[in-house]
Amino acid sequence: MNKTWIFTLSRWIVMALARLWFRIEFEGTEYLPKTGAFLLTPNHVSYFDPFWVSLPVSRPMRYMTWDEMTRKPVIGPLMLAFGAFPVDIRRGDRTALRRAADQLHRGGGLVIFPEGGRTSTGELMPFKPGAILLALEAGVPIIPATIQGGYEAYSRHHLFPRPRKVRVRYHPPLLVRLPPGEEASKEFLRQQAARLREVVASGLARPAA
């Protein structure tokens, strides 16, 4: 079985389970590019986030994930089938960063969680500037995404997933542009990361059901 069939089959299985167990719904899928490179930047509440946000995307995505997760039974192989590549979070993993940049330069889609890790409280954490810098360097749009209900369904405090409703909202593309003659200063990156966080947070203010 080639990788295309593995992706298609695993995507069909995960979609069926997500609709059955989480009653998952998607809003704003018209903002997902059919072709070309883009960054998808959801909030991070669960290990299932990469699956949930990738399901409406008909082409394979890539995303960085903690290397320990790819070695776990069942969920590890599924992550790899969905396009995950491991990141050693104990040190600066330059190989993973190069793979992320290469994916964008080849015209692919990349999932990045700007919070840098799963929330432990359900609250949206500050956004790191890495996604902004990648989008700026590759010249690609950012599609912000908001996951609602995921923390209640399967947070880091739950041993097993619970049958809670999950909704994923995709927002209009966010374009990061530097003023002519300026460089990407730390302050500029911080401001743009805060701007991105505001968009994702706006989806949390609306009811999930």
Side-chain angles (χ1 to χ4, degrees), residues 7 11 15 18 24-46 48-65 82-85 96-97 99-116 119 124-150 166-208:
F7 168 75
R11 182 172 175 269
M15 176 66 90
I24 196 165
E25 292 183 357
F26 304 97
E27 181 181 312
T29 55
E30 67 272 17
Y31 298 125
L32 293 168
K34 299 292 190 299
T35 60
F38 71 101
L39 272 175
L40 184 58
T41 58
N43 54 317
H44 201 5
V45 295
S46 168
F48 287 173
D49 293 342
F51 304 126
W52 289 333
V53 300
S54 300
L55 284 172
V57 184
S58 58
R59 51 184 170 135
M61 300 280 290
R62 303 302 305 274
Y63 59 92
M64 294 184 283
T65 189
F82 264 66
F85 54 92
L97 292 175
R99 293 179 72 176
D102 287 345
Q103 171 72 359
L104 296 176
H105 289 304
R106 289 197 302 267
L110 179 70
V111 179
I112 284 188
F113 298 100
E115 293 167 279
T119 175
L124 192 64
M125 298 187 293
F127 277 19
K128 301 179 186 300
I132 301 296
L133 189 57
L134 266 175
L136 193 61
E137 290 179 345
V140 302
I142 296 174
I143 308 297
T146 304
I147 301 170
Q148 282 188 294
V166 173
R167 174 169 288 167
V168 182
R169 290 190 172 102
Y170 304 94
H171 302 271
L174 187 67
L175 301 176
V176 181
R177 295 288 186 269
L178 276 170
E182 291 192 16
E183 296 182 353
S185 66
K186 290 183 178 180
E187 179 61 19
F188 175 83
L189 295 175
R190 186 195 65 77
Q191 290 176 353
Q192 294 301 310
R195 174 187 170 206
L196 175 59
R197 185 182 183 278
E198 287 180 3
V199 175
V200 174
S202 70
L204 294 171
R206 300 167 56 187

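Values in this document were obtained by computation on a predicted structure and should not be read as measured data. These values consider heavy atoms only, across backbone and side chains, with no hydrogens, waters or symmetry-generated copies.
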(request) For the pair Gln103 (side chain) and Gly109 (backbone), establish whether a donor and an acceptor sit closer than 3.5 Å, ignoring hydrogens and angles. (result)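 Judged by distance alone, yes, a pair lies under 3.5 Å.
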
(request) Look only at the side chain of Arg167 and the backbone of Glu25, and say whether a donor-acceptor pair between them is shorter than 3.5 Å. (result)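 Here the side-chain-to-backbone pair does not exist.
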
Show the nearest heavy-atom pair for residues [X] and [Y], with the distance to one decimal.
X      : Y      : value
Pro129 : Ala193 : CA-CB, 4.3 Å
Val111 : Met61  : CG2-CE, 3.7 Å
Phe26  : Trp52  : CE2-O, 3.2 Å
Val199 : Thr146 : O-OG1, 4.3 Å
Tyr170 : Ala145 : CD2-CB, 4.0 Å
Pro42  : Ile112 : CD-O, 3.3 Å

How many angstroms lie between [atom1] in [X] and [atom2] in [Y], if you round to the nearest 0.5 Å?
X      : Y      : atom1 : atom2 : answer
Thr41  : Leu110 : OG1   : CG    : 10.5 Å
Leu133 : Phe188 : CG    : CZ    : 10.0 Å
Leu124 : His44  : CG    : NE2   : 12.5 Å
Arg62  : Asp102 : CZ    : CG    : 10.0 Å
Ile132 : Arg190 : CD1   : CZ    : 12.0 Å

(message) Is it the case that over 12 heavy atoms from other parts of the model lie below 6.0 angstrom from the CD atom of Glu183?
(response) no

Quick one: are [X] and [Y] in side-chain contact, heavy atoms under 4.5 Å?
X      : Y      : result
Asn43  : Glu115 : yes
Ser202 : His171 : yes
Pro173 : Ile143 : yes
Leu178 : Leu136 : yes
Ile142 : Phe38  : no
Val53  : Ile147 : yes
Ser54  : Arg59  : no
Pro50  : Phe113 : yes

(request) Scan Pro144, Pro141, Pro172 and name whichever one has a side chain to side chain contact (heavy atoms under 4.5 Å, CB included) with Tyr31. (result)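 The option that passes is Pro172.
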
(request) Determine, for Arg195 against Glu198, whether the closest basic-nitrogen to carboxylate-oxygen distance falls under 4.0 angstrom. (result)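 Answer for the salt bridge query: no.
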
